[in-house]
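As structure tokens, the structure follows; a few thoughts come after it.
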Amino acid sequence: MPLLRPAAHFSRLDRGVSAEGLNTFNIADELSSGPLEACAAAYNSIVRNGIGHGGITYGQSEITYRDNKGNSTVLDVWSVIRLCDDLLDVCNGLAAAYKIFFINNAVHGYRMPLELMFEELIESTKSPWWTIGGCLETHLPGARQLLVYARPESRESSKVQWACVQSAALAEWLAPGYDRYFFSLRGSRSLPGWAAFSGERLRFLRESGAAEVHEFVPAADSPGVFYKPNFPLPMLFGRLDTLVKSLALHWPIARRQIRHALGTGHVVGRHGKIHQKGWRYALEGTVVLDDVHPSAVAGIVKRNRRSVIRTARKVAPRSLDRLDIVRYLPLGYVRIAVVDRDFRRRRLSSFGLGPELVCTVERKRIARIKSPDIMGSTIEQTGHWRIAWNRSWLESGGSIGR
């Protein structure tokens with residue numbers, strides 16, 4: 001609720017109501033009928049008071065929560081887990097929103113909390129050869145220092161030097177005011193190293209309009225960046241390594257853009273379970289259609305039935321031993337659930353019939369397997385293929401076309 005308190009505070013001021021006495025219940029009540037209603041939807045006052053005041057009774061498959069006024073609610077185990085997941089999603093979303101606000105309004109004097117600054121610095125500078133593990137505010141005689149712990153994993157010094165300068169410039173922009181920005185460099189491919197940058201010079205260069213990494217090099221304290229690889233690579237091999245890693249990083253993005261342009265969508269495997277049926281295997285799983293317009297979902301499923309199965313098949317063997325014979329058997333039966341919105345894997349494994357469930361794709365080569373279709377579904381049968389379109393998805397605006 002501390003993340004929602006500012007929104008509730010200004011909501012009351014906009015209505016001309018006093019913002020005093022904003023406790024947890026009042027915050028949720030204030031936001032429950034406004035544009036931030038979704039943020040308060042995961043809050044259950046009876047569950048909260050039951051936990052806070054010890055009014056919890058555990059049953060065989062359910063939990064009863066009771067507040068200090070005698071009100072009670074009964075939730076099954078999966079509902080409690082889903083409630084916790086929803087609360088966590090709301091907290092993460094609010095934290096991300098605050099981070100964006102602080103970054104976009106830094107010019108107006110808003111200072112980002114150090115915890116958010118550390119996360120942003122880690123994510124913005126991460127690369128295959130450079131990772132920041134954490135930051136620590138320290139004090140020197142008459143000065144303040146930001147100590148950054150970095151892990152370089154490259155045998156090419158120029159890459160690490162470039163990463164140090166970039167990280168220093170970004171750290172000063174995210175957390176200005178330090179007299180010195182010091183980097184502790186410890187990796188498995190080099191001796192312990194270090195780099196130090198003057199906070200005053202970094203600030204001067206930033207305010208002077210410097211935008212490229214090389215323009216911040218003069219901010220380094222003498223003798224600059226100390227980094228000595230165990231076995232330095234020739235420049236040619238270093239360039240080839242950079243090219244290969246760059247292709248590996250950008251190919252998934254390019255492939256996704258190509259699929260989006262062609263209208264084929266991006267099928268992501270999220271859950272898969274495989275077991276043996278005689279001399280064949282049976283597969284159950286869940287895939288997500290990522291970044292697809294609702295009107296194109298049905299067409300993508302019909303055209304990419306085999307891709308849906310292959311995607312779930314790739315996810316399933318991760319839990320199997322390489323010597324397990326099931327990995328190498330031919331297909332006997334498969335049933336894949338297709339959803340158009342991603343969720344946690346544990347929620348997808350027992351999803352139910354929500355509107356996000358598009359359909360189930362089934363292919364059967366073992367006649368003795370009898371599996372009922374989802375309740376109220378619309379069936380399309382083509383040879384061994386069987387697609388059951390979820391009624392809730394159709395009622396929410398989905399269309400299977402003809």
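Everything numeric in this text was worked out from a predicted model, so none of it was measured.
Closest heavy-atom contact between L4 and C39: CD2-CB, 3.8 Å. In terms of heavy-atom proximity, I132 sits nearest to I122 at O-CG1, 3.3 Å. Nearest heavy-atom pair, Y65 versus I46, reported as atom, atom and distance to 0.1 Å: O-CG2, 3.6 Å. Closest of all the heavy-atom pairs between T311 and G269 is CG2-N, 3.1 Å. Pairing each heavy atom of Q381 with each of H384, the nearest pair is NE2-C, 4.3 Å. Between R66 and T64, the shortest heavy-atom contact is NH2-CG2, 3.9 Å.
The CG atom of L289 sits 11.0 Å away from atom CG of D342, with the distance rounded to the nearest 0.5 Å. For the atom pair OG of S208 and CZ of R203, the computed distance is 9.0 Å after rounding to the nearest 0.5 Å. One finds the CG atom of N92 at 11.0 Å from the CG atom of L87 (value rounded to the nearest 0.5 Å). One distance of note links OH of Y333 with OH of Y281; it measures 13.0 Å at 0.5 Å rounding. Between N49 atom CG and I56 atom CD1 the span is 11.0 Å, to the nearest 0.5 Å. Residue D85 holds its CG atom at 7.5 Å from CD1 of I81, rounded to the nearest 0.5 Å.
Under the side chain to side chain contact (heavy atoms under 4.5 Å, CB included) criterion, D373 pairs with E362, S377, I379, R386, A388, not counting sequence neighbours.
With contacts defined as side-chain heavy-atom distances shorter than 4.5 Å, the pair V297/W393 qualifies. Between L205 and E215, the closest side-chain pair of non-hydrogen atoms is not below 4.5 Å. The closest side-chain heavy-atom distance from S190 to L185 is not below 4.5 Å. Contact check for R180 versus D221: side-chain heavy atoms found under the 4.5 Å cut-off. Residues C135 and L146 form a side-chain contact, since some pair of their non-hydrogen atoms from C-beta on lies under 4.5 Å apart. Counting only heavy atoms from C-beta outward, the side chains of T57 and I63 never approach each other to under 4.5 Å. Between D340 and V288 there is no side-chain heavy-atom pair separated by less than 4.5 Å. F216 has its side chain within reach of L202: a pair of non-hydrogen atoms, C-beta onward, lies under 4.5 Å apart.
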Yes or no on side-chain contact (heavy atoms from CB on, under 4.5 Å) for Y178 and L147, after CA distance, side-chain angles and deciding distance? CA-CA 10 Å; Y178 291 96; L147 176 58; over 6 Å; no
Where do L140 and D179 land on the side-chain contact (heavy atoms from CB on, under 4.5 Å) test, with the steps shown first? CA-CA 9 Å; L140 300 174; D179 301 289; over 6 Å; no
I336/T360 under side-chain contact (heavy atoms from CB on, under 4.5 Å): CA gap, chis, key distance, verdict: CA-CA 5 Å; I336 307 300; T360 59; over 6 Å; no
Test log, rule side-chain contact (heavy atoms from CB on, under 4.5 Å), inputs W385 and R306: CA-CA 10 Å; W385 295 95; R306 289 181 173 82; 3.8 Å; yes
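Although no hydrogens or angles enter the test, the distance criterion places a donor-acceptor pair under 3.5 Å between the side chain of N390 and the main chain of G354. Side-chain N or O atoms of T131 include none that pairs as donor or acceptor with a backbone N or O of R151 at under 3.5 Å. D86 places no side-chain N or O within 3.5 Å of a backbone atom of A42 that could act as its donor or acceptor partner. Proximity of a side-chain donor or acceptor of E153 to a complementary backbone N or O of P128 within less than 3.5 Å is not detected. No donor-acceptor pair closer than 3.5 Å links the side chain of N304 to the backbone N or O of S307.
Within 6.0 Å of atom OH in Y149, 12 or fewer heavy atoms from other residues, nucleotides or ligands are found, so the atom counts as exposed in its surroundings. Counted within 6.0 Å of CZ on F204, heavy atoms from surrounding residues, nucleotides or ligands total 12 or fewer; the atom is thus considered open.
A side-chain donor from one of E156 and S158 sits under 3.5 Å from a side-chain acceptor of the other.
Annotation: salt bridge (Lys or Arg N to Asp or Glu O under 4.0 Å) contacts involving residues 127-140, sequence neighbours excluded, comprise E137-R144.
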Which side-chain N or O atoms in residues 162-175 pair as donor and acceptor under 3.5 Å with protein atoms at least two apart or in another chain?
| unit_1 | atom_1 | unit_2 | atom_2 | d |
| --- | --- | --- | --- | --- |
| S167 | OG | W130 | NE1 | 3.1 |
| S167 | OG | A163 | O | 2.8 |
| E172 | OE1 | R206 | NE | 2.6 |
| E172 | OE2 | R206 | NH2 | 3.1 |

